[in-house]
Protein chains: 2
Amino acid sequence: MDINDEKLIKLFHSRGFKVTPQRLGICNYVLKSTDHPSAEKIYSNIKKKYKTISRATVYKTIALLKEMGLISELNLNTTPSRYDPNQNIHVNIICPKCNSISDYESEVVEEFFLNLKSELDNDILGQNLDVYKICETCSKKK
Amino acid sequence: MDINDEKLIKLFHSRGFKVTPQRLGICNYVLKSTDHPSAEKIYSNIKKKYKTISRATVYKTIALLKEMGLISELNLNTTPSRYDPNQNIHVNIICPKCNSISDYESEVVEEFFLNLKSELDNDILGQNLDVYKICETCSKKK
DNA sequence: TTATCAATTAATAATCATTACTCTTTGATA
DNA sequence: TATCAAAGAGTAATGATTATTAATTGATAA
Ligand SMILES: [Mn+2]
Ligand SMILES: [Mn+2]
Ligand SMILES: [Zn+2]
Ligand SMILES: [Zn+2]
């Protein structure tokens, strides 16, 4: 998602949500992230800029982003939830050793989803494709 | 999974786990289930037969079944976790209205997984394919 | 610009699924 | 039948998330 403050402000206003510096900060961080951050990760990052920000604000902004369809929540076997701004059809490859998550997109994935969709009468509301695989870094350290 | 007490008892013994009536009851129920029950559902069911059983025992038996690779845990946006004895490659179709889950298996799904696997160097440790779709029952009630 | 006020925030308490702990009971072995 | 580690029941603790509350602030219009 290529996002900037201007776009975000328009989005919020069009939905009747107020624009606050906390929201802009959180949204920018999450929407630009590629590591599927947890709420705690988002919180500790935004805290650098807004010293007094509360976890509740982070959770509420996450809920907003979900409602607006800009991120999805990943519920993995390992709590806590992680958040994903990549709204393309893709596979999340999760390393069970270090819990890192990386995106995988390919023709195979895309075609699968199109075929599945048509098999299911084209009324799929959402999807989540997870695969567990030891990551590069973890497979190096013996 | 076609399971009976005899098979279960062998499995437990081969792993050095003790065979208890509570375990047999829980395992039989979960392994025969097709509705992806939650821990609470399993608990309330087994409680009919073993009045004094504790949730802790249910959770510990679930952990055993996971460890033995007989079930998988599904973490959906809706807590609590659900458990799935179907170890074939399949899609879980989740209804966001009533949280019912049904299995979907097809050529498309199977081929996708084989192709993905080969694209990822054949070392996938597990997978989870979720799709959200209003179920029959819910789409009927307007 | 300033007043107004509902929406938002920070701080904190509550919730609830899951796990840990402790003490009692029991299955497996000899 | 005795032994004892493993497993059970009951209960406390944990931890992520949500709810609550009182203070603050963004949006609007005078
Ligand atoms: Mn992703
Ligand atoms: Mn299933
Ligand atoms: Zn790793
Ligand atoms: Zn339904």
Side-chain angles (χ1 to χ4, degrees), chain A residues 5-6 8-27 30 36-44 46-68 71-83 99, chain B residues 5-6 8-27 29-30 36-68 71-83 99:
Chain A
D5 281 0
E6 207 180 327
L8 271 175
I9 291 170
K10 271 186 193 158
L11 255 171
F12 282 144
H13 281 160
S14 74
R15 295 265 192 156
F17 300 139
K18 287 188 180 169
V19 176
T20 68
Q22 292 94 328
R23 278 183 178 169
L24 287 179
I26 293 167
C27 291
V30 176
H36 306 78
S38 64
E40 194 58 29
K41 178 101 186 282
I42 298 166
Y43 172 70
S44 66
I46 200 70
K47 213 172 160 56
K48 289 178 197 160
K49 199 164 182 184
Y50 301 96
K51 308 291 182 191
T52 64
I53 204 163
S54 136
R55 280 180 182 79
T57 302
V58 171
Y59 279 105
K60 277 200 259 172
T61 306
I62 286 170
L64 263 192
L65 284 167
K66 281 204 286 178
E67 194 187 324
M68 298 192 293
I71 64 170
S72 27
E73 180 173 347
L74 307 185
N75 300 90
L76 312 173
N77 278 10
T78 160
T79 50
S81 287
R82 307 276 289 263
Y83 301 94
N99 293 326
Chain B
D5 283 359
E6 206 179 328
L8 271 175
I9 291 170
K10 271 186 195 159
L11 255 172
F12 283 144
H13 280 160
S14 73
R15 295 265 193 154
F17 301 139
K18 287 187 181 172
V19 176
T20 69
Q22 293 94 326
R23 278 183 178 173
L24 287 178
I26 293 167
C27 291
Y29 176 70
V30 176
H36 307 76
S38 64
E40 193 59 28
K41 179 102 187 280
I42 297 166
Y43 172 69
S44 66
N45 184 280
I46 199 71
K47 211 170 161 59
K48 290 177 195 160
K49 199 165 184 185
Y50 301 95
K51 309 290 184 191
T52 64
I53 204 164
S54 135
R55 280 181 182 79
T57 302
V58 171
Y59 278 105
K60 276 198 263 177
T61 306
I62 286 170
L64 263 192
L65 284 168
K66 281 204 286 177
E67 193 187 324
M68 298 193 293
I71 64 171
S72 26
E73 180 173 351
L74 307 185
N75 299 91
L76 313 173
N77 279 10
T78 160
T79 50
S81 286
R82 307 276 289 264
Y83 300 94
N99 292 327

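All values reported here derive from a predicted model rather than from experimental measurement.
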Between D:dA9 atom P and B:Ile46 atom CD1, what is the distance in whole Å? 10 Å
Establish whether the base of D:dA5 is bridged to the side chain of B:Lys18 by a donor-acceptor pair shorter than 3.5 Å. yes
Nearest-angstrom distance from the residue atom CD1 of A:Ile26 to P of C:dA10: 8 Å
D:dG8 phosphate, OP1 or OP2: any side-chain N/O from B:Arg23 under 4.0 angstrom? yes
Spacing between A:Phe12 atom CZ and D:dA27 atom P, to the nearest angstrom: 11 Å
Between P on D:dT18 and CD on A:Glu73, what's the gap in Å once rounded to a whole number? 7 Å
Closest nucleotide among C:dT8, D:dG8, C:dA11 to the A:Phe17 side chain: C:dT8
Ignoring the backbone of B:Ala56, work out which of C:dA10, D:dT11, D:dG8 is nearest its side chain. D:dT11
Length of the CD1-C1' vector between B:Ile62 and C:dA17, whole Å: 11 Å
Students often get this wrong, so: under 4.0 angstrom with heavy atoms, is A:Glu40 touching a base, only sugar-phosphate, or nothing? nothing
Value in whole Å for how far the C1' atom of C:dA14 lies from OH of A:Tyr59: 15 Å
Nearest of D:dG26, C:dA17, D:dA9 to any side-chain atom of A:Thr20? D:dG26
Both A:Gln22 and B:Tyr83 contact DNA chain C. Taking the nearest nucleotide for each, which residue is further toward the 5' end? A:Gln22
How long is the straight-line distance from CG of A:Leu8 back to CZ of A:Arg23, given to the nearest 0.5 Å? 11.5 Å
Reckon B:Ser81 touches a base, only the sugar-phosphate, or nothing at all at heavy-atom distances under 4.0 Å? sugar-phosphate
In this structure, how many angstroms lie between the C1' atom of C:dT8 and the CG atom of A:Leu65, rounded? 15 Å
Are more than 12 heavy atoms from other residues, nucleotides or ligands located less than 6.0 Å from atom NZ of A:Lys49? no
Would you say A:Arg55 places a side-chain N or O within less than 4.0 Å of OP1 or OP2 belonging to C:dA10? no
Gap between atoms CG and P, on B:Asn75 and D:dT17 respectively (whole Å): 12 Å
Inter-residue atom distance A:Ile53.CD1 - A:Thr20.OG1, 0.5 Å rounding: 7.5 Å
Which nucleotide, D:dG10, C:dA10, C:dT18, lies nearest any side-chain atom of A:Ser54? C:dA10
Side chain of A:His13, heavy atoms from C-beta onward: which of D:dA27, C:dT8, D:dT17 has the nearest atom to it? D:dA27
To the nearest 0.5 Å, atom CD of A:Glu40 lies from atom OG of A:Ser81 at 13.0 Å
Drop me the distance from A:Phe12's CZ to A:Ile9's CD1, to the nearest 0.5 angstrom. 9.0 Å
